[in-house]
Structure formats: structure tokens, C-alpha cells
Amino acid sequence: MERLCDEVVQLVFYELPDPTPFTHVSRRFHRFSQDPYVRAHYFLARYGQTQAMFYALGRGKVLTEQVLDILLTSGAHLSRYLVQIAMHHYFHAQAHFIKTPWVRNVPLRVFAYFLKLAEAKYGEIPRGKGEDDGSRFSSFLKESRFPVQMKNVSWETIRDIMDSYNFIPFCNKDPIMAQFPLALAIEPRLLPYAVANGFHMDSKYRDFVFRKMFERPTLSETRPDDVAQNVRELCRLDSTMFVSRTVAAEVCMEAKLNDTGYSALKLLDKSGHLRFELSTLVEDLLKTFLKTRSISNPITNEVLRYLYTDFPSSDSSVRIVILVAVFISAENMQLAPATVHSRLETLGLLPITKKDLYNVLVNPFVERFSVLLEYAREEVGEGSEKGMNEGGVVQLIEESVAKCMEVACKGKIVKKFYDDYPTVHETIIRLVLEKYPIKMEDLPAWDEDPSAAARYETKLCRDFLKHGLGAIELENMAQLPPSEIDGERGMDEGLEHEPVIDALVIEDSHGLEEGRDEQRSSNLDLGIITQESLTTMIRHDEVVPARARRRMHYPYGVYGDSSGKLQYPHDPVHVGRWAKNTFGARSSVMAVLMTHAVINDNSTLLHNYLMFADIQGSSSGRVPITLKHFRLLARLGRAPSFYIYHDIEGGAEFFFDEEDYVCKTDSSRKLLKSKVKMEIPQGSIPSTSRFLGPIQSSSSPLLSSTLRGKKRPRRSAAAAVRSYAMPDSDEDTTAENYYPTVEKKGAETNLQKWLKHLGELMKEEQRKFKDKKKQLDMAAEPGTKLRIVKNEFLKSLISNLRTLRKVEEEKRLKLFGPEIFIDDDSDEDDDEYRHKTIRSKRRKIIRAS
């Protein structure tokens, strides 16, 4: 350090927050720190010209007359406001925000010299209470919304103290610093004087300044032209200032309440002073309501229709949003079809087609449909006729309910369709049993395509609380109903085909993808669009501490009514929960829905299926789990839900697949013309003829009866068997109430059956894992050691099988006692989950001879 030149030592000196310990290192450094030039430039280099004088006054022991002279001649900013605050603080005249000794550490001789320099620069300085420049500036801000004749401080006064007395907040700790940009929103002509005094408009202040410019005025004399002119003037004086899309969207969200701000925004759009098209902004804003439940809010609903009146759009998504808003409002007010037609005509949405009604009915936030159907019967034409006949209405409902089955939160409207229209019964049953059964070969295998297996999701029983609406619903929201694509064909043929996506949606997702990416990135630079109103954001600024609020970023959805941003309606009913109450836990329809819920890992729905019973004291209210569910998850490499293992531990009855518990006389199957083909999983299951492959549809019921009857009879007799729980025991109450078990010695319980077959499945998956590991090792370069991780299914199965075996051993020990306890572990070859006991070594004793 002693060999360093003075320039390098000076740079080190400037980087230290407190150089005092550094000056004690050597006499050279101590002499170096006594140089007035080094002391003065330390404050300038570390704190900048605006704050250098403030921090120098706080180091009274190092401040001298020479340091003050060098500071002023080197460009340190000295305002009359700083001198006034220093006098008040030094003589204990007035309490300000400064709570430290600050300038009181300055020697009186040096402070007198400081006042002499200030008096030479500014002349007579006001010293009374409330006469400092900061108090006058605060009064100007408080009176900003007063009439001109009631103001005590005009903007000319603020201009003079900025121009003649260099007024500016002297440090970041000054509360006025947080309020200073507000003066620029009130009077943009102050910006040049603020910049001349060293003020820099941070981009974080930008939205706050423009929010205050567009704020709803309290006086009727404020004109839109004045607001627009202030915005133009501020943008002219500072090229970095512009109205962002965030602020413009907030102004649009209160267009009806803040007509002055909204009109000023439209004037700026016409004059070309916005960096975006206002019509495009409104279009993007309306699209956001397609997937949030704030569209159901009456006030928001009215604003959306008002914006669409000013800025009509040909975008299909915007059309759906406005149609949904119109019919939700009509349902709330129970309007007549003629009134609804008049509103639609005013908005320019006519003619209304069957496709439009379909899109409204399948929207997640539409839960009532009486007004819509009345309007369809009177106003929606089919061909040359005006009004839809009853057959057309029923067909519309059947097509809509087919789509609503995929929108998980539409349980209420599906229930109303099911209760009011008997034909919907057959539609739902045929749809579920023909279109949505899951086959093993249709699933992507985790060892062949891991990314596809991880992304795979079935269409039914999705968890809308976790994932919202999902991508499928939003893409299909603007689809054509099957009947409009294929003419007048019936439901039998229509259910076999997927709806065709609207041409506008196809063009948007393929033809313009590259251009959309560029536009999306440019829009991000101009600010994001939220659904908050301007007043909400201004009030949010006011509740945040004053020193921090002006420099805060505003993340989406953490302010205002955050519940309005949720992607499901108020008090939703899951379609899967409604289906269980309607069809019963052991129906063929519920078997399909249970498979979808297991694959999608819908914990909320599985909790309802497995933890609650419709009939107290009976297992009929619980949807059975089967070995097939584990095989499907094994193919995808996904861990089963906690509720599945919990149900097995509680004594769930063992089934290979849904064919074991769904009765052949099931009412849902009676409605079908032929038996639905159900898949039976293949694998290392006891070698019987029923596991040689999937059971095919056969016209001979005797053959099916033989396969099921002789090889493994149904477990209908299990209801008469007593529980294996100990008498008068409080444990395993759930199993005793809901799952009848076996107490006879030597009989195989349900838990033992699960352990047996899940153990075989685990061995099968372990063999697959080892084979894949060998293949990767052979493909790798010699000497390379690869670490391959087991998939989630295998890790979960190994862990939970260990727990289930312990539970089973405890129950057997409790029932039959320790004298006949035998560990008949069928998986003796698997050492990964077996408990090993280490034989203790005997201590060798060497005796001295």
C-alpha cells in the first residue's frame, strides 16, 4: 500500500463509507486525508453534486472553510432550502425529518462561514417557521386541486424559488423528494427548472406523474384540452416521458366516471402523441376479460360495453367478451328479449348466430341461460325464419353441454341442463363413455418421450383452482359447434368429431406468430395492461409509506380486488363433483371421470371422491380405485396422489379395473346401443385367461360371464364379512365404518391384495428402469459415469409400499397375536424397501497369558 501513488490511494479513499480507520493505517494516509481537496472531492465522488453538501455538513469534524470553498467551486449544489433547514437544525429552532446531530457537529466558526457564503449568494434568507422553501412547496402541492382564487402559493412562486434560489430536495431522505414529481404532474412547465437544479426524472416516476395528470378532477372547470396540453408539454420537455399502456388502460377502466381524463386520452390519440393506437389498446384490454371473472362485475360489465361502443373491433375474442357481458347483464336484470336485441343492435353485434350463443354458453363465467334461450327462440334466425325452434334449442344445449363437460368449473350450468332437458342425460353418458375413456396405448410413455408424458393432460376433471381455465378452453372458446360444420347431422355422428377452430383463431396462431412476438415485445416496453382503474392505483400510492411509494414497481394482481383476476366464477361447482352426486360412485360414467382425475392429479376432486361418502357408514359413496390407475400412472411416470395411498391404507377394496365393480345392469350402459369397450391393462398379473389382453365387445354374454365368474368371482359377498379391527378399539375407525375386511385366519385382506399386485408392478417398473439404464450406459462414451434418476412413480411406489407393509404387519400382529405372526413378504428379492437387521459382532477378549 505504501508504494501506491496518490491517485490510486485517492480512489481507494473514495470507495470507503467511513475512511477513518483507513487514515490510522499510516502517517502517509493520515496526511493524505487532511488535504481539503481530498475531503471535498470525497463527498462529491461518493454522493454526487446534489447531496454532497448535505453529507459534508454531517461530518462536522472534517469540514473546514477550505473544504466548503472547494465544494462550491467544484459544483456542489447549495440551495436556499438547505441553508434554511441547516439553520433550524443547528439552533434547535424547528424539528424536521433529520433526527441525527447532523450539522450540530460543525464548529461554530465553520458554520458561521457557511452562513456567510449563503448570504453572499442569496441575500437575506427567511428564517421563520413555515417560511422555508420546503413548506411553501408542500403548500403548493396541497392546494393543487383548489380553485385559482383560493390558492396561497401559485406556480409562479414555485418557479421563482427553483430559478432564483435553486430549490430541490437536498437528499433522498427528504420527504419532499417523494412528492417532487407530483409538482411536475400539476405544472409540467416546472420541469426545465428542476432539471437545471440537478433533478433527473427516473422512469419509475413516469406512471405516477401521468396518473396524477389524468386523475378525475374535483372541479367541473377542468377541461380535457388542459389535461392533454399538460401531457404534451411534459413529453416535449423530456423525451423520456410518455404515456404508457399501463396508465392508458387504467384511464379506460374508469371511462364513465372520469370523462375528463378519458376524453383527454382520446385527444392525445387523435393528435398522435401516444406511442400506440388507442383502439389496439382497448382491444387488448377487452381480451383480458375473456379469462377473468371480473367480467361478472356489474360496474366492469358496463365499462366494457362503453369502451366497445367507442372502439368497435372485428376480433373474435373481443366479440365473445362483449356478448358474454351483454347476456350476463341481461340475466342479472332479467331483461326481455326485445331489450337485449336493442342493446346488441346499439353495439353493432347483429346478427347473432347459433355459433355466438354456443360461445356464450360455454364461457366459464356464464351460469344462467334463461334469457339467452328466450332470445334464441324469438330473435336468432335459422335460414329465412326468425326465431329458433325447440329442436334447434335442444340441439344447441346438447352441443354446449358436451363442451361444458371439459370446462371443470361449469358444474352449475351442467346440472341445470341435466335437470331441465331429459335428452341431455343420454348426451352426457354417450359422450363420456365413447369419447373420453383412457386407453393405455394412447398415453405417452415416460421412457420413450419424457417431455410429452410430463405435459400430458386429459380433458375432464382438471383442477381449475390450480391451473385456471387452461389453454384448451381458451383456444376452443371461439370454436364452431359441430352442427354448423356438418349441417343437420344428429348427435350420434356429431360426437365423433372435434369442433373446427374458427378461421380467425387459426390465422392468429399460425400465420401471424412471428409478427405477434415482435409486437408483444414492443408492447412490453410500453407497459403491461392490468384491469385496475386509475383511482385504485392512485389510492394504492397513498396507502404506501411516502418515502417508498413513488419508486415502487406494481406487480400485476397484488392490489385492488385481486379476486376479480381469478379464472373461475364465484362459488364454482366442479363438473366431476356433480357427476358423482348424479350418477353414483360406482357407475361407468364415474369410472371414466375417476381415471381422468387420477391422471390430472386433481387433489381437490380426489379428496371428494375418496374421503367423503354419500351414504354414512357405507363405502358406496367412495369411488373405487383400481390397479389400472396405477398402471396408467406408471406409463406416464407420475406419482399417485396422497389420497390414493391413504385410501388403500384405510382398507380400500381391491379391483383390477372398473369392470370388477361396475354392474352390467348399470343404467348408463343401458342407454348405449352396444357395450362400451373398456381396456384391461396388461402386465405381470396372475396368469388367468382374463389377463391375456383387453376384453373385446362380444355378443355372447355367457363368455364374459365365464371369464369373470370362474377365474375370480365378484366381491359382493364381502359386505357380510366382519371387520378385522379389534373390539372396542378406537383405531382404524374409518376402515371399520367404510371398508369391510376379513378377520378369518389365512384369508387374504384387501390390503394384502394391494401389496401383492403393487409389488409385482414395482418389480416390473424396476426392470424397465434397469433396462433403460443399461441402454444409456452402452450408448455413453467409455469411462463416462451416468447418474439416472428414477421417475416419480417408481420413487413414490417404493416409499409408500414400505409404509403400507408396516401398516399391514401391525394389523396382522394386532389381530392374530405374535405367536402366529409370519412375515410372508412376497418381494424377498427387493432389498430397497426391506428392513435389514445388522448382526452385532461379539467382542473378542484377549486374555493375557
Side-chain angles (χ1 to χ4, degrees), residues 406 408 432 435-476 498 576 591-606 609 625-645 648 656-658 678-685 693-694 757-780 786-801 832:
E406 296 182 6
V432 173
K435 183 179 179 181
Y436 295 113
I438 304 296
K439 298 181 180 179
M440 185 75 69
E441 59 270 14
D442 296 337
L443 301 181
W446 68 270
D447 52 347
E448 298 175 0
D449 192 351
S451 59
R455 295 192 308 268
Y456 183 79
E457 185 181 37
T458 61
K459 292 186 176 182
L460 301 182
C461 296
R462 282 175 287 213
D463 190 354
F464 59 84
L465 295 177
K466 185 189 303 182
H467 304 292
L469 301 179
I472 296 179
E473 286 82 355
L474 296 180
E475 292 175 0
N476 293 338
E498 291 284 346
V592 176
L593 295 181
M594 180 64 176
T595 303
H596 284 250
V598 169
I599 293 178
N600 290 333
D601 193 22
N602 190 338
S603 300
T604 304
L605 201 57
L606 289 176
Y609 285 175
I625 54 177
T626 65
L627 187 63
K628 176 183 176 181
H629 296 149
F630 283 90
R631 291 195 168 275
L632 294 175
L633 293 174
R635 183 173 177 85
L636 293 172
R638 297 182 183 177
S641 172
F642 157 79
Y643 294 107
I644 296 179
Y645 289 116
I648 294 176
F656 284 97
D657 56 25
E658 57 268 25
M678 309 292 285
E679 182 199 14
I680 306 300
Q682 300 181 7
S684 57
I685 303 177
H757 294 289
L758 289 180
E760 294 174 353
L761 178 60
M762 183 186 67
K763 288 184 177 181
E764 180 182 344
E765 292 301 313
Q766 286 179 331
R767 283 194 297 268
K768 292 181 181 178
F769 173 74
K770 292 179 181 179
D771 293 340
K772 182 180 179 181
K773 186 176 181 180
K774 290 181 180 179
Q775 293 176 0
L776 294 177
D777 289 338
M778 294 176 62
L786 299 178
R787 182 184 178 185
I788 304 175
V789 183
K790 297 183 177 69
N791 61 45
E792 296 299 323
F793 175 82
L794 186 55
K795 290 191 291 186
S796 173
L797 188 61
I798 291 174
S799 174
N800 285 277
L801 267 182
E832 191 161 0

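Treat the numbers as computed from the prediction; the structure is a model and nothing was measured. What you see below is based on every heavy atom in this structure, not just the backbone, and it leaves out hydrogens, waters and symmetry mates.
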Looking at [X] and [Y], would you say the former's side chain and the latter's main chain have a donor-acceptor pair under 3.5 Å?
X	Y	result
Y609	L593	no
N602	C461	yes
R635	M440	yes

For the residue pair [X] and [Y], what are the closest heavy atoms and their distance?
X	Y	result
F793	L761	CZ-CD2, 3.7 Å
Y456	P444	CD1-CD, 3.7 Å
S796	P640	OG-CD, 3.7 Å

Original post:
Passes side chain to side chain contact (heavy atoms under 4.5 Å, CB included), Y436 versus T595? Steps please.
Top reply: CA-CA 10 Å; Y436 295 113; T595 303; over 6 Å; no
Subject >> The single option from V789, I788, N791 passing side-chain contact (heavy atoms from CB on, under 4.5 Å) against F769 >> reply: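 The side-chain contact (heavy atoms from CB on, under 4.5 Å) with F769 is passed solely by I788 among V789, I788, N791.
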So, taking the atom named [atom1] in [X] and the one named [atom2] in [Y], what distance separates them when rounded to the nearest 0.5 Å?
X	Y	atom1	atom2	result
L797	K763	CG	NZ	12.5 Å
D777	K772	CG	NZ	12.0 Å
K774	L776	NZ	CG	13.0 Å
L633	W446	CG	CH2	14.0 Å
R787	K773	CZ	NZ	10.0 Å
L605	Y643	CG	OH	11.0 Å

Does the side chain of [X] reach to within under 4.5 Å of the side chain of [Y], using non-hydrogen atoms?
X	Y	answer
H629	I644	no
F642	D601	no
D771	D447	no
L794	K768	no
K628	I438	no

Original post:
Is it true that K795 and E792 have a side-chain N and a carboxylate O under 4.0 angstrom from each other?
Top reply: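 Yes.
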Subject >> Lys/Arg-Asp/Glu bridge criterion (N-O < 4.0 Å) met for E764, R767 >> reply: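 Salt bridge flag = no for R767 with E764.
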Original post:
Where do T458 and N600 land on the side chain to side chain donor-acceptor pair (under 3.5 Å) test, with the steps shown first?
Top reply: CA-CA 7 Å; T458 61; N600 290 333; 2.6 Å; yes
Original post:
Yes or no on side chain to side chain contact (heavy atoms under 4.5 Å, CB included) for H757 and F630, after CA distance, side-chain angles and deciding distance?
Top reply: CA-CA 10 Å; H757 294 289; F630 283 90; over 6 Å; no
**OP:** Start with the C-alpha distance between I599 and R638, add both sets of side-chain angles, then the distance that settles side chain to side chain contact (heavy atoms under 4.5 Å, CB included), and finish with yes or no.
**Re:** CA-CA 8 Å; I599 293 178; R638 297 182 183 177; 3.8 Å; yes
**OP:** Would you please test L606 and M594 for side chain to side chain contact (heavy atoms under 4.5 Å, CB included) and show each step?
**Re:** CA-CA 8 Å; L606 289 176; M594 180 64 176; 3.9 Å; yes
